[in-house]
There are 2 protein chains.
Amino acid sequence: MTATIKDVAKKANVSVATVSLVIHNHQRISSETKRKVRKTIKDLNYHPVRTARGLVSQKSGNIGFIVTEDHFSRSEPFYTQIFLGTEFQARESEYYVLLTTVNSDFNSNFKMPRFILERNVEGVILAGKVSQSLIENIKKLEIPLVFVDYYPPQGNYPVVMIDNFAGGLKATQHLIDCHHNRIAFIAGDISHPSISERFQGYKMALDRNQIPFDPNLVVIDEPYPAREFGYNSAKKLLQRNISVTAIFACNDAMAIGVLQFLKEKNIKVPTDISLIGFDDVEANLSMDPPLTTVRVPKVEMGIEAIKLMTEILCQRQTRSRKILMPVELIVRCSTCEHQN
Amino acid sequence: MTATIKDVAKKANVSVATVSLVIHNHQRISSETKRKVRKTIKDLNYHPVRTARGLVSQKSGNIGFIVTEDHFSRSEPFYTQIFLGTEFQARESEYYVLLTTVNSDFNSNFKMPRFILERNVEGVILAGKVSQSLIENIKKLEIPLVFVDYYPPQGNYPVVMIDNFAGGLKATQHLIDCHHNRIAFIAGDISHPSISERFQGYKMALDRNQIPFDPNLVVIDEPYPAREFGYNSAKKLLQRNISVTAIFACNDAMAIGVLQFLKEKNIKVPTDISLIGFDDVEANLSMDPPLTTVRVPKVEMGIEAIKLMTEILCQRQTRSRKILMPVELIVRCSTCEHQN
DNA sequence: GTTAACCAGTTAAACGCTTAACTGATAATT
DNA sequence: AATTATCAGTTAAGCGTTTAACTGGTTAAC
């Protein structure tokens, strides 16, 4: 069996308490004794047992990560990437991340995530939209919360958000810089804050460049920002028979659908129409042409969430900070200068 | 504060031990008492604290997942998918997965993963090739091991492997079924067992169909099965100026590179040359044309690894089982009948 | 009628650690 | 010289469970 603190104490001829104090580098212990005890610790290859520590200190060393089932389906890589970010950063911070999913319409009849009931996490990261009931139930237990990519209507929590507005602005400005002035905007689920913020950025960019906003260039009546709805939107747009030289799709999935439609109609990207997406998913590089897009730093969002959480857990920081993640324009081959 | 077992005992007028025995549904307790205690547990919304349980039972409720840093880089989704599979299944099995990465040339001078030193995991899953030193150091601590997608040269461990041979066979047979008989094989890092098994499958398929093996159709001298080496391989192959009607790339990454080269040379896929990959990565669907490939059930491999581990931890199973994951031919648009 | 089994619990130790409170020695202050 | 501080540890309680060993009562076996 591996050594316990008792073994160290016995071998070093000190009390168990002394060993513990040495481990925590307590000033009460002389440097001589520290040296002696540390040597013994090394000799016995002693390491404090997590559960024992956790029991007495009421600290599990774990952080919970909660996301709804539908947001974490196997085909949806967005929150997966955020989760991986938390894993990366957690290792830096000497924490472990425990993952669980909840039903998106969680209410008091559901049972709480096991790691909360068992008091196995010191704090919880909530990624994406979760039910108000879940939030309130966790709050009741006084477990620190950090939100990622969602912010509950009421309350004042630390949160990590995407700068969607700036992204919409950048994407549109890029097209404008390429001398486009007939720029379409295509979206699904415009009621979602992230999507509508991108739309606001689009409109702001037009405004700043004195390009009139034309509702005919906007297709935002699709239910969900997925590939097939991108396809449909492009169809609707082109059926209007108006001049379009560039399309800003609210995310890459829709952009892929748009591209598919354009190809079928033998419309060349980017020479006939420039196309820009949003998110920067893996698949973009394999596309033909590779998609110009706005990169959302998904992994970094997870990293920031853990940083925020550890600050809170260390009491270094109690006020609720809000972090706005910068987005980045990634120019690939689906956009080009507009030829007059 | 939340209720402890003491609160339950007091309220139900029994001893703490009785409450514990009720929780474990011990036969010694009368059903009357059980009912009473269970009601109290419900009333107080009591849940045993993980760390306390862990301390006395020496069971943390966690399973460790170790992968090398280079295998888990942010751009490499293969092991990420396997890891996600373990997360999915762990929730079913009431475990949590703790992730860590190690340096690929781990030796005794490195310090062991923290969750091992702190005895915070009951078993460890090793994904991909890891150093022999790490394996031996974990074995010394008598922590149950399960391997995924790698098997150490010596020893007899439970393992989850891909049926690469069958995959190579299926891919090649598919091309043969399409009446191809000039089928090239392209690979990087042929010394890797998985790659060479796919190669064996290729050769076996040819053999079974009485198609002579032609070394001129094989390009396996690239160092790594990545996109750019796929590109290079295709270049080398076509420079040989021999008849080629189909290409089997050892993985999708290389296939993407091959496709890129063929496009540049204005060779049409699949009409001029059929192309098949291996792995079924996300990007395939966005390709033009979408890639025919052999699907490797990555998530399922993680699931199986956890199943294996939980069997071992429950002692239901001690002998070292080996699981060969079946692969599946996914026919998309990059392969078609060969026109004579 | 004595002994043995069984039943339905209880008692108490243990898991491995942390930390408040204590101790006994020496040094500093008045 | 008496009191107080400081130092460098030790003692012991406690964190919330589990479980082996015990108990005292009833029933069965011989």
Side-chain angles (χ1 to χ4, degrees), chain A residues 1-38 40-41 44-62 94 114-122 141, chain B residues 1-38 40-41 44-62 94 114-122 141:
Chain A
M1 230 26 224
T2 51
T4 73
I5 198 171
K6 277 187 201 163
D7 302 323
V8 176
K10 199 179 295 173
K11 181 125 187 269
N13 253 309
V14 293
S15 72
V16 162
T18 302
V19 178
S20 180
L21 292 173
V22 170
I23 290 167
H24 293 89
N25 201 20
H26 197 288
Q27 49 168 12
R28 200 193 301 159
I29 307 300
S30 71
S31 47
E32 173 116 17
T33 306
K34 279 184 183 171
R35 208 175 1 256
K36 177 176 69 176
V37 171
R38 285 190 181 127
T40 314
I41 287 177
L44 295 181
N45 192 27
Y46 165 72
H47 292 270
V49 167
R50 177 84 258 167
T51 45
R53 270 198 160 164
L55 182 56
V56 58
S57 68
Q58 309 279 35
K59 300 217 155 92
S60 62
N62 301 324
E94 306 264 279
R114 188 164 57 89
F115 56 52
I116 292 182
L117 296 175
E118 296 180 338
R119 312 241 114 212
N120 201 9
V121 291
E122 297 176 35
L141 297 170
Chain B
M1 229 29 222
T2 52
T4 74
I5 198 170
K6 278 186 198 164
D7 302 323
V8 176
K10 200 178 294 174
K11 181 124 188 269
N13 253 310
V14 293
S15 71
V16 162
T18 302
V19 178
S20 180
L21 293 172
V22 170
I23 290 167
H24 293 88
N25 200 20
H26 197 287
Q27 48 166 13
R28 200 194 300 159
I29 309 298
S30 71
S31 48
E32 174 115 18
T33 306
K34 278 184 183 171
R35 209 175 0 255
K36 180 177 67 176
V37 171
R38 284 187 182 130
T40 314
I41 287 177
L44 294 182
N45 192 27
Y46 165 73
H47 290 270
V49 168
R50 176 85 258 165
T51 44
R53 269 199 161 164
L55 180 56
V56 57
S57 68
Q58 309 279 37
K59 301 217 155 92
S60 62
N62 301 324
E94 306 264 279
R114 189 164 57 88
F115 56 52
I116 292 182
L117 295 175
E118 295 180 340
R119 310 243 114 208
N120 201 9
V121 292
E122 296 176 36
L141 297 169

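The chains referred to below are lettered A, B, ... by the order of the sequence lines, with proteins before strands, and numbering in each begins at 1.
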side-chain hydrogen bond (donor to acceptor under 3.5 Å, both in side chains) with [X]: which residues, sequence neighbours excluded?
{"X": "A/R35", "answer": "none"}
{"X": "B/T40", "answer": "none"}
{"X": "A/K6", "answer": "none"}

From [atom1] of [X] over to [atom2] of [N], roughly how many Å is that when rounded to an integer?
{"X": "A/L44", "N": "C/dG16", "atom1": "CG", "atom2": "C1'", "answer": "15 Å"}
{"X": "B/E32", "N": "C/dC7", "atom1": "CD", "atom2": "P", "answer": "17 Å"}
{"X": "A/N25", "N": "C/dT18", "atom1": "CG", "atom2": "C1'", "answer": "16 Å"}
{"X": "A/K59", "N": "C/dC17", "atom1": "NZ", "atom2": "P", "answer": "18 Å"}
{"X": "B/N120", "N": "C/dC15", "atom1": "CG", "atom2": "P", "answer": "19 Å"}
{"X": "B/E118", "N": "C/dC17", "atom1": "CD", "atom2": "C1'", "answer": "13 Å"}
{"X": "A/I23", "N": "C/dG16", "atom1": "CD1", "atom2": "P", "answer": "14 Å"}

Among B/I29, B/V19, B/L21, B/I23, which one satisfies side chain to side chain contact (heavy atoms under 4.5 Å, CB included) with B/V37?
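So, applying the side chain to side chain contact (heavy atoms under 4.5 Å, CB included) to B/V37 and each of B/I29, B/V19, B/L21, B/I23, only B/V19 qualifies.
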Among residues at least two apart in sequence or on other chains, which ones pass salt bridge (charged side-chain N to carboxylate O under 4.0 Å, His left out) with B/R114?
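B/R114: salt bridge (charged side-chain N to carboxylate O under 4.0 Å, His left out) contacts with A/E94, B/E118.
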Salt bridge (charged side-chain N to carboxylate O under 4.0 Å, His left out) involving A/E32 - partner list, sequence neighbours excluded:
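Salt bridge (charged side-chain N to carboxylate O under 4.0 Å, His left out) list for A/E32, sorted by chain: empty.
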How bent is the helix from C/dG1-D/dC30 to C/dT30-D/dA1, comparing axes over its five end pairs at each side, to the nearest 10°?
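Taking the rotation axis at each end, their angle is 50°.
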Quick one: list whatever passes ring pair (Phe, Tyr, Trp, His ring centres under 6.0 Å) with A/Y46, sequence neighbours left out.
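None.
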List the atom pairs, with distances to 0.1 Å, where a side-chain N or O of residues 7-17 of chain B and a protein N or O form a donor-acceptor pair under 3.5 Å, not counting sequence neighbours.
from: B/D7; atom 1: OD2; to: B/T4; atom 2: N; distance (Å): 2.8
from: B/S15; atom 1: OG; to: B/A17; atom 2: N; distance (Å): 3.4
from: B/S15; atom 1: OG; to: B/T18; atom 2: N; distance (Å): 3.2
from: B/S15; atom 1: OG; to: B/T18; atom 2: OG1; distance (Å): 3.0

Indicate for each nucleotide in nucleotides 10-17 of chain D, in 5' to 3' sequence, whether protein heavy atoms under 4.0 Å reach the base (B), only the sugar-phosphate (S), or nothing (-).
BB--BBBB
